[in-house]
4 protein chains.
Amino acid sequence: MIKDGDRVLLYGEDGTKFLVRVEAGKKKGTHLGVVEFDKIIGKNYGDIITIGKTSKSYYLLQPTYIDDIFSMKRKTQIVYPKDSSYIVMKLDIKPGSRVIDTGVGSGAMCAAMARLVGEEGKVYAYERREDFYKLATQNLTEWGLVNRVELKLRDIAFGFDETNVDALLLDVPDPENYIQVCWEALAGGGRIGVICPTVNQVSMVLEKMYELPFIDVEVWESLMRQFKPYPNRLRPVDRMVAHTTYMIFARKVNALAKGKAETKGQPPTT
Amino acid sequence: MIKDGDRVLLYGEDGTKFLVRVEAGKKKGTHLGVVEFDKIIGKNYGDIITIGKTSKSYYLLQPTYIDDIFSMKRKTQIVYPKDSSYIVMKLDIKPGSRVIDTGVGSGAMCAAMARLVGEEGKVYAYERREDFYKLATQNLTEWGLVNRVELKLRDIAFGFDETNVDALLLDVPDPENYIQVCWEALAGGGRIGVICPTVNQVSMVLEKMYELPFIDVEVWESLMRQFKPYPNRLRPVDRMVAHTTYMIFARKVNALAKGKAETKGQPPTT
Amino acid sequence: MIKDGDRVLLYGEDGTKFLVRVEAGKKKGTHLGVVEFDKIIGKNYGDIITIGKTSKSYYLLQPTYIDDIFSMKRKTQIVYPKDSSYIVMKLDIKPGSRVIDTGVGSGAMCAAMARLVGEEGKVYAYERREDFYKLATQNLTEWGLVNRVELKLRDIAFGFDETNVDALLLDVPDPENYIQVCWEALAGGGRIGVICPTVNQVSMVLEKMYELPFIDVEVWESLMRQFKPYPNRLRPVDRMVAHTTYMIFARKVNALAKGKAETKGQPPTT
Amino acid sequence: MIKDGDRVLLYGEDGTKFLVRVEAGKKKGTHLGVVEFDKIIGKNYGDIITIGKTSKSYYLLQPTYIDDIFSMKRKTQIVYPKDSSYIVMKLDIKPGSRVIDTGVGSGAMCAAMARLVGEEGKVYAYERREDFYKLATQNLTEWGLVNRVELKLRDIAFGFDETNVDALLLDVPDPENYIQVCWEALAGGGRIGVICPTVNQVSMVLEKMYELPFIDVEVWESLMRQFKPYPNRLRPVDRMVAHTTYMIFARKVNALAKGKAETKGQPPTT
């Protein structure tokens, strides 16, 4: 049952969505009419409310992670679900994982990891810009995830406090400059993911990686395409996201095999 | 430190991978030479071992979920990481979730969910073929996830035992026949995902969904492309997976808005 | 040298494009200023003109086919270059080809074929709507291609006048109803292309094709992605066309091999 | 009617294809049996022949351009139809065009252009390796296109003989070194296409282009996906070509607009 203070996704009969925190006695104006929160309290998720004197209605839904990030206040480009879902799987993040996120930006990727590490895991999150740091803190608090995150207002040029982390996500404008400090923070066998919007960044990051004991280096991009869900006229939508980022993944090892020093700057043969 | 009985991914210097369970006194033959497990015990993840009298070496890594499913015994087509990662995010699976998986097949998707629901969540897994049921049980046991899964050898034509589940994944040859029982098992606002390799199945499932109180119906497909990770000759690989499955997602509501009964079989306008 | 009456693509220094027919004494207003055609006459393609008293300038270019179709008057969805280029190659259209185009719509595909068949080939173009017929006639006249096209205001339900054509493009709302008349018009070994925006149409057309002596049946879709052409920040554009149409191709044979009658409605084994 | 000396595509009932030149009295062995050419002479395209004492049969088809290039003798990677079709459209090649092709390789792109320029156009084709030059000559002769092509065994480091060509295709291992000589050969407004398999080459070519009077610079890549053509189980194929090449297109102008000198090395704003 929905209670005062709960977060609810209002899903309009026209497909529009509003994510609200229900407050007794308050209301929210929408293009379909005014939603009185008192009509929501006591209802169940999956129920419907009609608003004002009209017959317009909203469904009441639990917000998912994807609802959260597309409704949040943001000052930065976010990592899209098509990419973030693959990243958390490649980084093998799960209950109990200890992971680093940097830079935090608006907090979307931090949340993607915090929701998976559970109460027994931890996300160490580094952000050097104070406005982003505050915004991310605010967003993570709103999502009830802030207790799983140790947020630090810090430039990673000075390295990370943690060592032996299971995984690390690097999402900064100049990732090629931080591959060494990332290697130091990771546990042996630990996994790194790097966000690179341009091919030039990919090349630069790869060069740095091959100078260090990283193996299993992979570069991926994801194209997700949605369909118009009409059973008798089924077809993809007209336009789609063409590009967000390239994703680089690798695993730290404690040292490279003998003879691999000579192949520095060169990927493993395959 | 790696102990007797631990699972280790042997990552060869030539990029080949073997997932083994280390047993004191035992060994494994590979194309690079014989790996003696006693040389592994006491080492750390990220360390390297050389084998036999050669200079060939293997890195010792923690197996990730993706390593697990590509190394497992399987009798069925598995859901690929490009899809399974997106599915668990769209279904919003996280620590504490109660979810249904059906059919289980070799257990790959079941594991993808079980690893995320944590100790406090549960996966109810239905499989009607005994050979698959046994294989999935074996795989989930191997992965240490079987205690989070309630495996049932059962045809879902007779419905599910559970109600009010947070999410449900439907991966059977004739999904269009089970949309009603899925709706019954879901909580209000609960999320369903359906695996449909062909467009004809997509159309049939959509038709069934529009006859029931489902909203936010979406159809997606994922194309992931890998790159040859050469910094100075960066380019995508020559060939890629062109198709695995379409994915349908929707959310259960308790009833449709008034007047929507007339639009049965038709998707919401957008 | 550009003469009175020539067609010129004005390519603005800001990347905007206007396709004009130069007329002595006339002018064209643009957001960069007024272009006086007398300043163009006598210039060469590749030259630049500055306009008004400003320093704004336009490059003078020969219009290509792609410039033509994106500048033309149109009342219909056009076949995009990503598809039309592949279609004319799969249909093997070249100087001397005799081909049928139906329906003509605004004339874009008709022009794509007419420019390739040359003076020695011919396009027989069927359109049942008078407004499209007039528009296509006008566009083909503007492009100087109308003499290579025999335009007919006619519903193809009554079949085609021609037989033994080398290739045929079928682009109508219900292509599944005309596969028989297409077969009749084609030469032995002749190639057919069918435009199908939805998967449902693809299925219906395939079913009809397998009832007739067609072989080498293929279904394709094309995804073209453009890049932001910045050498140091190279990356794909943010958004792209997700879908225009599926394309079906096949070749007419005079009769099917013995025993193939039984596989009616089923594709050849591969 | 098929005559002695004609080229015929044998399309087996099992979907296999053999491109042959029919010679009276000769035969060709295939996995379906021996094809006697005398049984083909006098037949029509679209007809069927049965072979040996079996009931196995071959359809007799006219070879298309795509049949030609996939059957030819080749020593080089060819430009795939998904790319070559788009290139000839972007370069606006049509009857009467005068175009340059370099390097020629096995002659596939040269043929793609030669078949479109017709008898009134011309392809000037430069190749510096003698073995490729001979092979391309042989292939173009086989296809009946050699009279439309002026083949030159020459390194383009010394520039081209021609000026004022309508279009030019640059397909060499180090395209960034030849952008200047390409500019010189093109007519004002002429179109250039560059084949670049790696992103690094794309960046280098773009840099060179921005140092010269080129406008309308575009970078594209093409992903084409085929479907399994089963009406009731319609779905894409399992695997597809992930990458062949990036394609760069631009248009030569005689000089850049005033003030554009300062933006050297930078793409035009968009």
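What you are looking at is a predicted structure, and each value in this text was computed from that prediction instead of being measured. Residue numbering restarts at 1 for every chain, and letters A, B, ... go by the order of the sequence lines.
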**Message:** Assess the residue pair Ile215(B) and Leu61(A) against the criterion (side-chain contact (heavy atoms from CB on, under 4.5 Å)); give the C-alpha distance rounded to whole Å, side-chain angles, the decisive distance to 0.1 Å, and a yes or no.
**Reply:** CA-CA 10 Å; Ile215(B) 63 168; Leu61(A) 300 173; 3.9 Å; yes
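- Only the side chain of Tyr246(B) comes within less than 4.5 Å of a heavy atom in chain A; its backbone stays farther off.
- Contact count versus chain A (heavy atoms, under 4.5 Å) is highest, among Lys17(B), Lys228(B), Lys252(B), Glu120(B), for Lys17(B).
- Heavy-atom pairs under 4.5 Å with chain A peak, among Tyr58(B), Tyr45(B), Trp220(B), Tyr65(B), at Trp220(B).
- Interface check for chain A: of the options Ala187(B), Ser57(B), Ala112(B), Pro81(B), the most heavy-atom pairs under 4.5 Å are formed by Pro81(B).
- Remark: side-chain polar atoms of Arg7(A) are not paired, donor with acceptor, to backbone N or O of Val20(A) under 3.5 angstrom.
- Here the NZ-NZ distance, from Lys39(B) to Lys43(B), works out to 7.5 Å after rounding to the nearest 0.5 Å.
- Side-chain atoms of Arg98(B) come within 3.5 Å of backbone N or O of Asn164(B) as a donor-acceptor pair.
- We find the CD1-OG1 distance between Ile195(A) and Thr244(A) to be 8.0 Å, quoted to the nearest 0.5 Å.
- When Leu9(B), Val205(B), Val202(B), Ile66(B) are compared by the number of non-hydrogen pairs under 4.5 Å with chain A, Ile66(B) comes out ahead.
- Contacts between Leu116(A) and chain B at a heavy-atom distance below 4.5 Å involve backbone atoms as well as side-chain atoms.
- Heavy-atom distances place no part of Asp166(A) under 4.5 Å from chain B, backbone and side chain included.
- Heavy atoms closer than 4.5 Å to chain B are found in both the backbone and the side chain of Ser84(A).
- Using a 4.0 Å cut-off between charged side-chain N and carboxylate O, Asp14(B) and Lys56(B) make no salt bridge.
- With respect to chain A, the highest number of heavy-atom pairs below 4.5 Å among Pro213(B), Pro236(B), Gly189(B) belongs to Gly189(B).
- Remark: the backbone N or O of Pro197(A) is paired with a side-chain donor or acceptor of His243(A) at under 3.5 angstrom.
- Residues of residues 86-94 of chain B placed with any heavy atom under 4.5 Å of a heavy atom in chain A are listed by number as Tyr86(B), Met89(B), Lys90(B), Asp92(B), Ile93(B), Lys94(B).
- In this structure, Lys82(B) contributes its side chain and Ser222(A) its backbone to no donor-acceptor pair below 3.5 Å.
- Put simply, CZ on Arg191(B) and OG on Ser97(B) are 7.0 Å apart, with the number rounded to the nearest 0.5 Å.
- The greatest number of non-hydrogen atom pairs below 4.5 Å with chain A, out of Asp47(B), Ile248(B), Asn44(B), Val117(B), is found for Asp47(B).
- A salt bridge does not link Glu176(A) with Lys208(A): every distance from a Lys NZ or Arg NE/NH1/NH2 to an Asp or Glu carboxylate oxygen is 4.0 Å or more.
- Interface residue Arg251(A): only side-chain heavy atoms are found under 4.5 Å from chain B.
- Interface summary for chain B: among Met224(A), Gln62(A), Met204(A), the most heavy-atom pairs under 4.5 angstrom belong to Met224(A).
- Proximity to chain B is absent for every atom of Met209(A), based on heavy atoms less than 4.5 angstrom apart.
- Separation of atoms CG (Asp83(A)) and OG (Ser85(A)) is listed at 7.5 Å; rounding is to 0.5 Å.
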**Message:** Please determine whether side-chain contact (heavy atoms from CB on, under 4.5 Å) holds for the pair Glu221(A) and Thr245(A), giving the CA-CA distance in whole Å, both sets of side-chain angles, and the decisive distance to 0.1 Å.
**Reply:** CA-CA 7 Å; Glu221(A) 71 174 326; Thr245(A) 187; over 6 Å; no
